[in-house]
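The next block holds one structure in the form of structure tokens; read it before the comments.
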Amino acid sequence: MNISYREFFKKQKHFILTVAKLPVSSDTLGMVSAIIIPALIGIIGIKTYKILFALWPVTRSTLGWEPPTLFEGIRIFLVSPLAFLAVAYLAAYFVLWQRLSIRRWLRAILLFLLPLIALPLAKVLWTGIKGKNLTGIESSWAYQIVHVYGDALSDIQFLSGIYQTDIFFLVGYGLLSTLALSVVPNRWRQLVFSLFICLSATILAVAGLELAHYLKTGMNGNASMLMYFLANADDLWDMVRDEVNWKTIVAILAPPFLILLCPLISRLVTRNPWINWQQDKSVFNAGKVIWLVLLAGILAPEHIGQEYIRLRGNIVLNFGQELLFQPDIPTEAFKEGKALRQAALNLEFVPTARAQRLNIVVVLLESVRADATGVYNPSLQNTPFLRELSKKSLVANEMYAVIPRTSAAWVSVLNGMYPSINSALMYWAYREAGNPKFASLPRLLRKTGYKSAFFVPTHLNYENEGQLLFNMGFDQIVSEKDYGKTSYEHVNYFGLEDRVMIDPIMSWVDTQRKDHNPFFLTVMTNVGHEKYTFPSTWKKREFIGSGNEDYNNYLNCIAYIDDFLKRLFNEFQRRELFQNTIFFVLGDHGEPFGERGTKERALSMYEEELHIPMLIFAPSLFHDGGKIIGPRQQVDILPTIADMLGFSTNGDLPPGLSLLRDNPKDRELYYSCILEGIAIGMRKGSRKYIYKFDSAPMEVFDLAKDPDERHDLAGEISETEALMARNQMLKWYGATRLSMTGSEPDHDLAAAKPIRACSKFSQPQCQESQSNELQAGIGQAPGIFLKSSALFQPDE
């Protein structure tokens, strides 16, 4: 039966009025208040603290970052629009609603309008007190009233936009609990009430965990992070425990403990009602509810500044949306196309006439970012050995990690493929365990007579790392459990200091020399990992001025790593192995220290997390140092090794390019966070794009002119360019996921929201355009190694 739009809306109106006018007893109202008020205090209280947190200056020193203290937070609150607004509304309520004998509708209008007047007047008074140096018309009260009134409305609009979804959620939650308690039989009311109390406790517990994460990182938590933690609690707990302090405990426990207020709230509301019109037995009037919703919608701003975008939204609604509406969809069409361009399934190394049986040593430096070494930052004196080594090495000025995660670096370097997010990596490790199919350097080189080993001073119990390395096909894997009792210290939860590896490494190397085997050796350090602890035997130095103890400790960790490298290289030199060995030394990822308000590297895509040191030391191939020009990435190591050893390739080509070859000017590099749906990035030429899945505006930087990423160009580029960049990033993101799991994240590019939803793009409408197919970099067949290539520029 056809129903007209008018009849449809008439039925909806009738339903709303029927539900809204359900008789609500004092007992029911007490139960609903006990359910809603703790959730309201927790959710609104956390959001209010986040506002104070966001308004406090991010940096106090060069790299300092911390939330406001309690006193500072109170001071900020007392002079904030939020405080003026709260005082004005409370005053209006107690004066107008309970004192004046006028019609209720007129009191309601005055209750809404007077605070809008009181707020700017209060700000005018505050401005008048602080602005005594103003002259001319600016000093007049009239001028201040006119201009400050506009500012006040902007403040109210800002706050209403920030709290909008929280209000929607709490109103909806209140209506749902009221409806449930009003319609169920009396014998079920207590059970339904208990279920809602448990639901409120769960909501507050999640809010507490998210608050603890926010206080630690300055970034919102999401469902991916929570589910990831729950699924890997055994592996993560020991590491998380090191980060817990009394503030973290309070943040986690305080919200759910609000549920203890339920009996008191229920008793107060039932026995001593606060609202006079409660006795009417129809507390929820549809007109008032609709007016509240419309008012919030009218006041909500279209755009909020990017620095505050993280404050929007409601944690419960955000979590629910992520869990319910972002499934993985198998996409068979990708399997033979784009996915294979992110990884090589059937790659083979084939020796040519110029093949050389040179040893390969890859040293991965834990958490070392480029500008924290003297090679890239000459003002630092913490890496004297690396600085000297760089003078005889090829140095990549612009080398990048793909994902700021250690195991992702292993996949990038050793498999030569683009890794995916953590959950996909762990699934991939499990899937490959029975029959590894993807190419890896240990297996590729074994077919040409090489022996391989992986040495690390840590355990491999975290996130299935041991299985991941086993799948790569190393002949020997040596980790913490294999060093036995030792005098070397545990420096963090993960394991021992790096020097514990030197003797076992050289013992293995001596065995390979004795058996006349060329070898492929990979070494992963540990010192440098957060919390930036080094052995007690290391003499601490002050590399920077006071103001950031963590960063100074980090620089000392890198100094220790530099000393470890010196000792390791000395052992190779003592055995006269320099002439037949190629050394690759590079970081696994970088590390932030509050430059942008966060210390969490795993959740952002800036240079401090991605730009890493990288040098190649090969005395038998070149004697003078040089520079490798252009943006490069960890996936380039595998094709570079093939090139330097004189191997050609058969089968699927890896996505990387040899570092010995000219870099295309328009080459695209891709990046991703470790968790689903946080952020991805792309660099093309000197331009870098960061896409946060529409949770915040896209960011665009020109790294040639702005290497520190301080000037966002997003508002200066066309929406066509922004849309094409986003589509390319999403295609790459889906293809990398598909290459590991067989399914692609649910991002429908054709139906994607227009870029104009992001406030920083200046074009009024999004121009429809057909983006080109993603062209991932394809490795070139190795040619003749040219020492005099223009690619290498001699050091000055």
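Counting from 1, the numbers follow the sequence of the chain as shown. These values consider heavy atoms only, across backbone and side chains, with no hydrogens, waters or symmetry-generated copies. Here the structure is a predicted model, which means the values were calculated and not measured.
Checked against a 6.0 Å centroid threshold, the rings of Phe519 and Tyr450 do not count as neighbours. Aromatic ring centres of Tyr488 and Tyr483: separated by at least 6.0 Å. Between Phe583 and Phe578, the ring centre distance stays below 6.0 Å. Ring centers of Tyr670 and Tyr733: at least 6.0 Å apart, outside the cut-off. With ring centers used as reference points, Tyr493 lies 6.0 Å or more from His529.
Remark: Glu398 engages Arg683 in a salt bridge, criterion side-chain N to carboxylate O under 4.0 Å. Under a 4.0 Å N-O distance rule, the pair Asp550/Lys531 does not qualify as a salt bridge. Note on Arg354 versus Asp643: salt bridge recorded, some NZ/NE/NH1/NH2 to OD/OE distance being below 4.0 Å. Salt bridge absent: Lys684 and Asp666 never bring a charged side-chain N and a carboxylate O closer than 4.0 Å. Look at Asp563 and Arg499 and you find a salt bridge, because one of the NZ, NE, NH1 or NH2 atoms lies within 4.0 Å of a carboxylate O, short of that distance. Lys392 and Asp624 are not joined by a salt bridge, as no carboxylate oxygen comes within less than 4.0 angstrom of a charged side-chain nitrogen. Under the 4.0 Å criterion applied to side-chain N and carboxylate O atoms, Glu571 and Arg567 are not assigned as salt-bridge partners.
Residues forming a side chain to side chain donor-acceptor pair (under 3.5 Å) with Asp482 (at least two apart in sequence, or on another chain): none.
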Discussion item. Salt bridge (Lys or Arg N to Asp or Glu O under 4.0 Å), that's the test. Do Arg405 and Glu465 meet it? Break it down for me.
Written reply: CA-CA 12 Å; Arg405 173 76 182 89; Glu465 289 178 341; 3.0 Å; yes
Worksheet item: Can you list the steps and then say if Asp562 with Arg387 is a salt bridge (Lys or Arg N to Asp or Glu O under 4.0 Å)?
Response: CA-CA 10 Å; Asp562 186 72; Arg387 179 177 292 184; over 6 Å; no
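Across Phe564, Tyr532, Tyr560, a single residue satisfies ring-ring contact (aromatic ring centres under 6.0 Å, His included) together with Trp538, and that is Tyr560. Screening Leu521, Ile582, Thr522, Ile637 for a side chain to side chain contact (heavy atoms under 4.5 Å, CB included) involving Ile360 leaves a single residue, Ile582.
Rounding to the nearest 0.5 Å gives a distance of 6.0 Å between CG of Leu577 and CE of Met506. Distance check: Phe543 CZ to Ile558 CD1 gives 9.5 Å after rounding to the nearest 0.5 Å. Distance check, rounded to the nearest 0.5 Å: CE of Met644 to CD1 of Ile616 gives 5.0 Å. Distance check: Phe593 CZ to Asn553 CG gives 9.0 Å after rounding to the nearest 0.5 Å. In this structure, CG on Leu365 lies 8.0 Å from CG on Asp588, to the nearest 0.5 angstrom. Expressed to the nearest 0.5 Å, how far CG of Asn382 lies from CG of Leu555 amounts to 5.5 Å.
A side-chain N or O of Asn492 and one of Asn526 form a donor-acceptor pair less than 3.5 Å apart. Residues Glu607 and Tyr400 have side chains that bring a donor and an acceptor to within less than 3.5 angstrom of each other. If you check the side chains of Ser412 and Gln633, you find no donor sitting under 3.5 Å from an acceptor. Between the side chains of His490 and Glu497, no donor-acceptor pair of N or O atoms lies under 3.5 Å. For the 3.5 Å distance criterion, the side chains of Asn556 and Lys539 fail to qualify, holding no donor opposite an acceptor.
Scanning both residues, Val413 and Val362, for their nearest heavy atoms gives CG1-CG1, 4.2 Å. The shortest non-hydrogen separation linking Asn471 to Ala429 is ND2-O, 2.7 Å. Here the shortest heavy-atom pairing between Tyr671 and Met682 reads CD1-N, 3.9 Å. Cys673 and Met605 make their closest contact through N-CE, 3.6 Å (heavy atoms, listed as atom of the first residue, atom of the second, distance).
Counting only heavy atoms from C-beta outward, the side chains of Leu638 and Phe349 approach each other to under 4.5 Å. A 4.5 Å side-chain heavy-atom check between Phe455 and Pro504 finds at least one atom pair inside the cut-off.
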